[in-house]
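As structure tokens, the structure follows; a few thoughts come after it.
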Number of protein chains: 2
Amino acid sequence: MHPMTRRDVFQAIADPTRREIITLISRQPLNLNAVAGNFDMSRQAISLHIKILRECGLILIQQEGRDRYCSIQPKKLAEVADWVEPFRNMWEERFDRVDLILKNLKTKKMVGKNKQNKLNKPKK
Amino acid sequence: MHPMTRRDVFQAIADPTRREIITLISRQPLNLNAVAGNFDMSRQAISLHIKILRECGLILIQQEGRDRYCSIQPKKLAEVADWVEPFRNMWEERFDRVDLILKNLKTKKMVGKNKQNKLNKPKK
DNA sequence: TATTTGTGCAAGCATTTGCTTGCGCAAAAC
DNA sequence: GTTTTGCGCAAGCAAATGCTTGCACAAATA
């Protein structure tokens, strides 16, 4: 695990163990060993997951003596919610609307063949 | 890339390229080459990403002759929204509520030391 | 019919990821 | 003061990931 690579919140929640950690400490802040007690892997593995979550801003760690209490920073998950939100309108629409779009596709038949449809994206 | 490994929707959207593909084809269905034209990597790399998205149910592919049109299946993203939703209440609360929780933590001081706090989870 | 286009299969490679184990340091408990 | 506990550092390893390149097949086009 490369310590210099920062991950975004999407990469942080991609792992099921990390999602479970988030759920766990959202109920109440826990120290690291208390979190680790709920999993079947080594304490160090959980420590590494928590490090990833802390680095991308999903959890906050407060040290008290030798204990490090992890608590959720839920606002970071707004980034995920914000990304998903535009698609919500689509999955809440009726299916026949999607059919209509596909029918329009058949009559036009040009999107795949039009080589000028690139987004305005600068080359590397 | 192991073809037999199925990924869940969280793993599918962890990659920024795949999120961009999802955004692109949500505007209108595109064939694979039209999608690839928006990126600076090989067409085959895009093909592999689209395969991942199809396998976890995020996009639907409809073949017309040799063209394969990719369209979004937004309902699958409801899984992400459903997971994020319980945290929304937390990030929409006022910050002092979080402070209160932390103050309670200081007075109790037992969560980390209580070895009986494991979830009801069967051992492997 | 020949050529072009769309696109998947496969191999190869470098990087990233997830985990274990051993060790060591600091703080709490005895 | 000694022992126990919490927990990060580091190395090592296997698996997963993302990408490129070459090739081949099917459908569309000329």
Side-chain angles (χ1 to χ4, degrees), chain A residues 1-8 10-21 25 29-56 59 61-70 106 109-115 117 124, chain B residues 1-8 10-21 25 29-56 59 61-70 106 109-115 117 124:
Chain A
M1 198 175 298
H2 199 306
M4 289 305 111
T5 303
R6 294 291 293 257
R7 302 190 216 187
D8 63 26
F10 292 91
Q11 288 164 330
I13 67 173
D15 184 83
T17 299
R18 289 198 289 275
R19 291 201 297 277
E20 199 169 341
I21 291 173
I25 64 175
L30 299 172
N31 72 352
L32 195 141
N33 275 9
V35 174
N38 292 279
F39 296 89
D40 291 319
M41 61 185 75
S42 70
R43 176 194 54 75
Q44 187 50 27
I46 297 298
S47 179
L48 292 168
H49 280 299
I50 285 175
K51 179 176 179 176
I52 292 168
L53 293 172
R54 177 175 54 81
E55 280 170 352
C56 77
I59 68 178
I61 294 184
Q62 284 165 291
Q63 187 157 355
E64 298 181 14
R66 68 187 173 186
D67 290 335
R68 294 158 156 268
Y69 285 94
C70 313
K106 285 179 187 292
K109 288 291 278 182
M110 285 304 293
V111 179
K113 295 163 173 58
N114 181 0
K115 294 214 170 27
N117 68 351
K124 281 168 179 167
Chain B
M1 200 174 299
H2 198 307
M4 289 304 115
T5 302
R6 295 289 293 256
R7 304 189 214 186
D8 63 26
F10 292 91
Q11 287 164 331
I13 67 173
D15 184 85
T17 299
R18 289 197 289 275
R19 290 201 297 277
E20 198 168 343
I21 291 173
I25 65 175
L30 299 173
N31 73 351
L32 193 142
N33 274 9
V35 174
N38 293 279
F39 296 89
D40 290 319
M41 59 185 76
S42 68
R43 177 196 53 75
Q44 187 50 27
I46 297 299
S47 179
L48 292 169
H49 281 300
I50 285 176
K51 178 176 181 176
I52 291 167
L53 293 172
R54 175 175 55 80
E55 280 170 352
C56 78
I59 68 177
I61 295 186
Q62 283 166 290
Q63 187 157 356
E64 298 181 15
R66 68 187 172 186
D67 291 334
R68 293 159 156 269
Y69 286 95
C70 314
K106 285 179 187 290
K109 289 290 279 179
M110 284 304 293
V111 179
K113 297 167 170 58
N114 181 0
K115 293 210 168 32
N117 69 349
K124 279 168 180 168

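The shown structure was predicted, so the numbers you read here are calculated from the model rather than taken from an experiment.
- Counting to the nearest Å, the C1' atom of dC19(C) and the CG atom of Asp40(A) are 13 Å from each other.
- For a distance-only test at 3.5 Å, the side chain of Arg66(B) fails to qualify as a donor-acceptor partner of the base of dT7(C).
- Arg43(B) and Asn33(B) get closest at one heavy-atom pair: CD-OD1, 2.8 Å.
- Among the nucleotides dA10(D), dT29(D), dT20(D), the one closest to any side-chain atom of Met41(B) is dT20(D).
- For Gln44(A) against dC9(D), a side-chain N or O and a base N or O form a donor-acceptor pair under 3.5 Å.
- Atom pair Gln11(A):CD and dT17(D):C1' shows a separation of 11 Å (rounding to whole Å applied).
- Under 3.5 Å, the side chain of Arg68(A) and the base of dG8(D) form no donor-acceptor pair of N or O atoms.
- For Gln63(B) and dC25(D), the CD to C1' distance is 12 Å, given to the nearest whole Å.
- Direction change of the helix axis from one end of the helix from dT1(C)-dA30(D) to dC30(C)-dG1(D) to the other is 20°, with five pairs defining each end axis (rounded to 10°).
- Taking atom CD1 of residue Ile21(B) and atom P of nucleotide dC19(D), one finds them 9 Å apart after rounding to whole Å.
- Checking dA27(D), dT21(D), dC7(D) against every side-chain atom of Ser42(B), the shortest atom distance belongs to dT21(D).
- Whole-Å rounding puts the Asp8(A) CG to dT17(C) P distance at 10 Å.
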